[in-house]
Amino acid sequence: MNFKSLEVFYWVVNLSSFNKAAVKLHTTQPAVSQRIAALEAELGVKALDRSSRAIKLTTKGRVLYDYAERFMALHTEMMLKVAEEQAVSGVVRLGVAETIVHTWLVEFLEQVQRKYPNLSIDIVVDITPTLRDSLKSGELDMAFLLGPQLDDELVETTLCSYELNFLSSPSLKPGKEPLSNSDVAAHPLITFPKRTYPYTYLRQELTTPEHGAPRFFTNWSLSTIVRMAEDGFGICVVPRLAVLKEVEQGRLKIRNTQLQLRDLTFAVAYARGSDEPTKLALAKLAGEIAQASMAASPRRRSMRRMAK
């Protein structure tokens, strides 16, 4: 019996699937099955009850799983305290929300390449709900997404918070600034979908008995939101740091309003496992870069100048 066999067993149980465990461990379903069979043969016990379609632990299997979990935790502790940066290797499947792509992702990848030359990063850009589901299924190893959320299945740590702004095409004439609530509600609002803070807050603040709710056009794609605003379709609500280029080039204009928006927060999320030392190292690096991007944001630079 070796550590790899315990790792395979751990993930089969955690993901309740031989196929998902194979994806997680970058191997095949037959190889996973062979590992489990060999482990059971060596111990002389049946760890998994195969009498039903769902994966269930036998009595001995539950004992074995407890030990496997402890071995995984001990391995993580050892790697964190002993291993050098050169030992961080392999492939990490990283999911990324589009806002991060438009802010500090390139710098993160460049620093990973310099600091961990034996590590490869596979990037998947998608919406937060899909990234979260992919983490839980084992299709992704970690993700930078909207959060953090209280979720027992994932470890989540705040990375950064970005100022939200109202922006529109310079050709749009929404009214005298600062725009009143009625001025804002008179135009289509383009922002992230219903489960996000911008949508829920704006709907709450701008809905009136006389006129009802404003017109919303929601999308998880930041590029789509920005393009609609650039074309003069309405007013978008997105993090300013993600659209600095569009603002500097005059394609979007920041609109001052009477509404006060709170910042949009992003987190790093991952599932626990034998590769946790790598995830922790990458999460720490991402946090440092994300905090630096916040410190360099236009609002914070302005506040520092005012403080002087």
Side-chain angles (χ1 to χ4, degrees), residues 7 24-26 72-128 130-136 138-151 153-163 222 239-242 244-245 263-301 304:
E7 180 187 22
K24 171 70 181 175
L25 298 169
H26 310 290
M72 297 283 278
L74 188 61
H75 178 266
T76 296
E77 181 182 338
M78 179 192 71
M79 291 297 290
L80 287 173
K81 292 184 177 181
V82 177
E84 299 291 337
E85 290 179 349
Q86 288 78 6
V88 177
S89 61
V91 178
V92 172
R93 297 159 299 173
L94 175 65
V96 185
E98 195 178 359
T99 298
I100 303 303
V101 176
H102 288 262
T103 49
W104 48 265
L105 179 64
V106 171
E107 183 178 354
F108 170 78
L109 294 175
E110 289 175 346
Q111 290 205 32
V112 168
Q113 190 174 32
R114 288 196 297 269
K115 196 168 185 179
Y116 306 110
N118 297 324
L119 187 68
S120 297
I121 305 288
D122 286 347
I123 300 294
V124 175
V125 180
D126 214 324
I127 63 178
T128 289
T130 301
L131 295 177
R132 195 172 291 279
D133 290 342
S134 296
L135 283 172
K136 293 180 180 180
E139 295 173 31
L140 290 176
D141 297 307
M142 64 188 306
F144 305 147
L145 37 65
L146 287 171
Q149 290 186 4
L150 295 176
D151 193 325
E153 296 184 55
L154 301 174
V155 178
E156 298 193 41
T157 306
T158 299
L159 285 173
C160 53
S161 296
Y162 292 139
E163 178 187 4
L222 179 65
R240 174 170 52 171
L241 197 63
L244 282 180
K245 180 176 68 175
D263 294 349
L264 198 62
T265 302
F266 292 86
V268 55
Y270 58 86
R272 297 190 184 278
S274 62
D275 50 357
E276 193 166 351
T278 299
K279 295 173 184 175
L280 286 172
L282 294 180
K284 182 176 182 294
L285 179 61
E288 293 169 354
I289 295 171
Q291 290 297 312
S293 77
M294 288 174 58
S297 69
R299 180 179 67 168
R300 294 180 184 272
R301 287 200 300 265
R304 285 200 297 268

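The shown structure was predicted, so the numbers you read here are calculated from the model rather than taken from an experiment. Start at 1 with the first residue, then count along the sequence.
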Quick check for you: to the nearest 0.5 Å, what is the distance between [X] atom [atom1] and [Y] atom [atom2]?
X: Ile121; Y: Gln113; atom1: CD1; atom2: CD; result: 10.5 Å
X: Met294; Y: Leu159; atom1: CE; atom2: CG; result: 10.0 Å
X: Glu110; Y: Leu105; atom1: CD; atom2: CG; result: 10.0 Å
X: Asp141; Y: Thr278; atom1: CG; atom2: OG1; result: 9.0 Å
X: Leu154; Y: Met142; atom1: CG; atom2: CE; result: 11.5 Å
X: Glu163; Y: Leu264; atom1: CD; atom2: CG; result: 11.5 Å

Checking Gln111 now: which residues fulfil side chain to side chain donor-acceptor pair (under 3.5 Å) with it, not counting sequence neighbours?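 Gln111: side chain to side chain donor-acceptor pair (under 3.5 Å) contacts with Glu107.
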Closest heavy-atom contact between [X] and [Y]?
X: Ile100; Y: Cys160; answer: CD1-SG, 4.5 Å
X: Leu145; Y: Ala269; answer: CD1-CB, 4.2 Å
X: Thr158; Y: Pro148; answer: OG1-CD, 3.4 Å
X: Pro239; Y: Thr99; answer: CG-CG2, 4.0 Å
X: Leu140; Y: Leu94; answer: CD2-C, 4.2 Å
X: Ser293; Y: Leu241; answer: O-CD2, 3.8 Å

State yes or no: are the ring centers of Trp104 and Phe144 separated by less than 6.0 Å?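 They qualify: ring centres under 6.0 Å apart.
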Please check this pair: side chain of [X] against backbone of [Y], looking for a donor-acceptor N/O pair closer than 3.5 Å.
X: Ser161; Y: Asp263; value: no
X: Arg132; Y: Ala143; value: no
X: Glu156; Y: Tyr270; value: no
X: Lys279; Y: Ala271; value: yes

Tyr162 and Arg240: side-chain contact (heavy atoms from CB on, under 4.5 Å), yes or no, with the steps? CA-CA 8 Å; Tyr162 292 139; Arg240 174 170 52 171; over 6 Å; no
side-chain contact (heavy atoms from CB on, under 4.5 Å) between Val101 and Ile123, worked out: CA-CA 10 Å; Val101 176; Ile123 300 294; 5.9 Å; no
